[in-house]
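Working notes, structure below.
What you see below is based on every heavy atom in this structure, not just the backbone, and it leaves out hydrogens, waters and symmetry mates.
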Amino acid sequence: IAVAAWPTDAFTASMADSRGLQVLAQVIRARLMAGLREREGLTYSPEVFVDQPVSQRHYATLGVQVELPPAKAGTFFTELDAIVRDLARTPINADELARARTPMVDAGRRRFGLAEYWVDALAASDDDPAYFDMIRSKVPDLEKVTAADVQRLAARYLAGRVPFQFVVQPGMPEPAAVHPRSVSAAR
């Protein structure tokens with residue numbers, strides 16, 4: 001498993017930009033699928049995530065995780081870097097934008113018809129009335145995301161910034177030796 005992640009602004013800093021980051025993540029996922037899976041045959045399905053907890057005002061990330069042999073992690077990081085640099089340099093076309101954005105808009109609309117969605121969404125609104133704005137703005141904000149937004153967000157948060165990277169290696173890690181005095185001092 002190889003992971004790369006960049007810090008972003010918190011969800012509440014700009015809900016419109018947060019929705020744009022979600023679309024950007026899907027564009028990256030589609031390009032990784034084409035680059036790593038279809039061309040290189042390295043991974044079945046890259047996972048892209050945007051972690052923007054509303055409760056954390058100063059924490060958010062956009063990350064990518066893939067399953068591949070550790071020896072191929074460099075190929076993943078190189079491919080990902082090329083993708084984010086291209087997204088920052090060149091606007092995506094209308095078809096690529098629609099393939100990333102439309103499923104998110106459709107899923108958002110479907111969720112509005114589910115009782116489970118409303119139970120979760122309304123429970124969170126007890127502590128913060130801004131949740132109502134988040135609920136109301138989700139689909140309209142996603143529909144407003146443009147190719148220029150995706151390009152701007154890629155340039156702002158990803159391109160030219162070194163992501164946090166790690167690779168999970170196979171094998172059992174060696175347990176850390178703990179000095180007996182360290183254990184007794186901790187008690």
Side-chain angles (χ1 to χ4, degrees), residues 1-13 17-90 92 96-108 110-111 116-117 120 124 138 142 145 149-178:
I1 296 175
V3 176
W6 295 263
T8 66
D9 285 337
F11 184 84
T12 53
D17 277 358
S18 294
R19 309 298 188 197
L21 284 168
Q22 293 166 6
V23 173
L24 171 60
Q26 293 309 305
V27 172
I28 291 169
R29 181 181 180 280
R31 288 191 179 191
L32 278 172
M33 290 277 287
L36 290 178
R37 180 175 152 191
E38 295 168 11
R39 189 176 64 240
E40 300 286 337
L42 290 179
T43 183
Y44 181 72
S45 183
E47 296 177 36
V48 182
F49 57 90
V50 178
D51 185 13
Q52 297 177 306
V54 177
S55 61
Q56 302 294 319
R57 303 283 183 204
H58 303 288
Y59 165 81
T61 59
L62 186 150
V64 183
Q65 173 181 316
V66 296
E67 289 185 31
L68 44 68
K72 298 289 187 175
T75 302
F76 159 65
F77 292 127
T78 300
E79 179 81 18
L80 182 59
D81 182 59
I83 288 169
V84 299
R85 283 187 289 114
D86 183 59
L87 288 170
R89 196 175 43 245
T90 309
I92 60 175
E96 191 172 20
L97 177 63
R99 283 184 281 129
R101 185 182 59 193
T102 302
M104 297 173 73
V105 169
D106 292 346
R110 277 193 306 277
R111 282 189 203 110
E116 296 87 15
Y117 170 81
D120 289 342
K138 182 173 185 160
L142 286 170
V145 174
D149 292 329
V150 171
Q151 182 180 15
R152 175 180 56 80
L153 294 167
R156 179 175 179 186
Y157 294 111
L158 310 181
R161 296 174 77 183
V162 178
F164 168 78
Q165 299 176 348
F166 74 87
V167 179
V168 176
Q169 300 286 338
M172 292 293 294
E174 292 294 320
V178 178

- Give the C-alpha distance, both sets of side-chain angles, the deciding distance and a yes or no for side-chain contact (heavy atoms from CB on, under 4.5 Å) between V84 and Y157. CA-CA 10 Å; V84 299; Y157 294 111; over 6 Å; no

- Item | CG on D106 to CG on L142, rounded to 0.5 Å | 10.5 Å

- Note: D81-R85 ion pair, threshold 4.0 Å (strictly below): yes

- Query: Roughly how far, to the nearest 0.5 Å, is the CG atom of L97 from the OG1 atom of T102?
  - Reply: 7.5 Å

- Query: Taking all atoms of both residues into account, what is the closest heavy-atom pair of F49 and V64, and its distance?
  - Reply: CE2-N, 3.9 Å

- side-chain contact (heavy atoms from CB on, under 4.5 Å) assessment of V145 paired with M104: CA-CA 11 Å; V145 174; M104 297 173 73; over 6 Å; no

- Item | Test item: L87 and V27 side chains (from C-beta on) under 4.5 Å apart, heavy atoms | yes

- Message: Within this structure, what is the CG-CG distance for the pair D149 and L21, rounded to the nearest 0.5 Å?
- Response: 10.0 Å

- Message: Distance check, rounded to the nearest 0.5 Å: I83 atom CD1 versus R29 atom CZ?
- Response: 12.0 Å

- Message: To the nearest 0.5 Å, what is the distance between OG1 on T8 and OH on Y59?
- Response: 9.0 Å

- Message: When you measure from the side chain of Q151 to the backbone of R89, do you find a donor-acceptor pair of N or O atoms at a distance under 3.5 Å?
- Response: yes

- Item | Least distance between heavy atoms, R161 atom then W6 atom | O-NE1, 3.2 Å

- Task: Considering non-hydrogen atoms only, spot the tightest contact between P103 and A98 and give its length.
- Result: CD-O, 3.8 Å

- Note on the structure: Shortest non-hydrogen pair, A73 vs A2, comes out as CB-CB, 4.2 Å

- Item | Worked verdict on L24 versus L62 for side-chain contact (heavy atoms from CB on, under 4.5 Å) | CA-CA 9 Å; L24 171 60; L62 186 150; 4.3 Å; yes

- How long is the span from the CD atom in Q52 to the CZ atom in R19, to the nearest 0.5 Å? 9.0 Å

- Query: Does the side chain of V150 come within less than 4.5 Å of E96's, by heavy atoms?
  - Reply: no

- R152 and D17 ion-paired at < 4.0 Å: yes

- Decide side-chain contact (heavy atoms from CB on, under 4.5 Å) for E79 and V66; before the verdict, give the C-alpha distance in whole Å, the side-chain angles of both, and the deciding distance to 0.1 Å. CA-CA 12 Å; E79 179 81 18; V66 296; over 6 Å; no

